[in-house]
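First the structure, in the form of structure tokens, and then the observations on it.
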Amino acid sequence: MSEEAAGTITVRLVMPDRWLEHIAELPTQTTVEDAKRMGLRAMLLRDTDEPADYYVEYAERKVADEAASLGTIGIRSRDILSIRAYDLGHYRAFEG
């Protein structure tokens, strides 16, 4: 039985700006936000970082709705989710 048929998928979580990578088996129903939170803890080895200070890219595009599941965004086995910090080149959406 394949991973996808079993409801899980192998996801490569990376922080390219820090040269960090973590490979995880996650249910396809996992939200992008939960995958980001888990990836931050696994790669930075701490849980003090605020997930809202980071955004996620899939297929080199920012994931607009992090509440979407991995299955919903179409991720396949061994695909990469990039976790990047908001900084001078990548601004957080204005919430005024």
Side-chain angles (χ1 to χ4, degrees):
M1 179 185 289
S2 73
E3 293 174 341
E4 287 142 17
T8 63
I9 193 162
T10 302
V11 180
R12 293 177 59 206
L13 300 160
V14 300
M15 293 184 80
D17 301 331
R18 297 185 184 199
W19 294 84
L20 297 172
E21 179 176 359
H22 178 72
I23 297 174
E25 287 284 326
L26 299 174
T28 55
Q29 299 85 6
T30 303
T31 65
V32 173
E33 182 177 14
D34 287 343
K36 173 177 72 172
R37 183 177 288 112
M38 187 272 307
L40 285 170
R41 274 190 300 237
M43 288 184 280
L44 299 178
L45 303 176
R46 58 184 184 231
D47 61 1
T48 55
D49 292 87
E50 179 59 46
D53 292 338
Y54 297 83
Y55 67 97
V56 177
E57 289 181 346
Y58 173 60
E60 299 183 18
R61 291 193 172 109
K62 183 178 177 184
V63 175
D65 180 12
E66 291 188 4
S69 71
L70 299 176
T72 300
I73 67 168
I75 196 166
R76 296 173 306 189
S77 187
R78 309 295 290 174
D79 278 356
I80 296 172
L81 288 180
S82 295
I83 302 171
R84 297 179 177 268
Y86 285 108
D87 56 23
L88 292 176
H90 300 94
Y91 300 105
R92 185 183 325 255
F94 180 70
E95 297 177 10

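Here the structure is a predicted model, which is why all the values come from computation and not from measurement.
- Checked against salt bridge (charged side-chain N to carboxylate O under 4.0 Å, His left out), R12 has the following partners two or more places apart in sequence or in another chain: E21.
- Here the CE-NE2 distance, from M38 to H22, works out to 4.5 Å after rounding to the nearest 0.5 Å.
- Summarising the geometry of P51 relative to L40, their closest heavy-atom pair is CA-CD1, 3.8 Å, with the distance given to 0.1 Å.
- Taking each heavy atom of Y58 and I80 in turn, the nearest pair found is CD1-O, 3.4 Å.
- A search for salt bridge (charged side-chain N to carboxylate O under 4.0 Å, His left out) contacts involving R46 returns D49, not counting sequence neighbours.
- The two residues A35 and L26 come nearest to each other via the heavy atoms CB-CD1, 4.0 Å.
- Among all heavy-atom pairs drawn from L13 and A24, the shortest one is CD1-CB, 4.4 Å.
- If you take CD1 on I83 and CZ on R37, they are separated by 11.0 Å, rounding to the nearest 0.5 Å.
- Using a distance-only test at 3.5 Å, with no hydrogens or angles considered, a donor-acceptor pair links the side chain of K36 to the main chain of Y54.
- When each of V63, L81, V32 is tested with I75 by the rule side chain to side chain contact (heavy atoms under 4.5 Å, CB included), just one qualifies, namely L81.
- Closest approach of T31 to E66, counting heavy atoms only: CB-O, 3.8 Å.
- Residues T8 and E25 come closest through the heavy atom pair OG1-OE1, 3.8 Å.
- Within a 6.0 Å sphere centred on CD of E60, other residues, nucleotides and ligands contribute 12 heavy atoms or fewer.
- Using a 4.5 Å cut-off between side-chain heavy atoms of Ile, Leu, Val, Met, Phe, Trp and Tyr, with links allowed through other members, I9 and V14 fall into different hydrophobic clusters.
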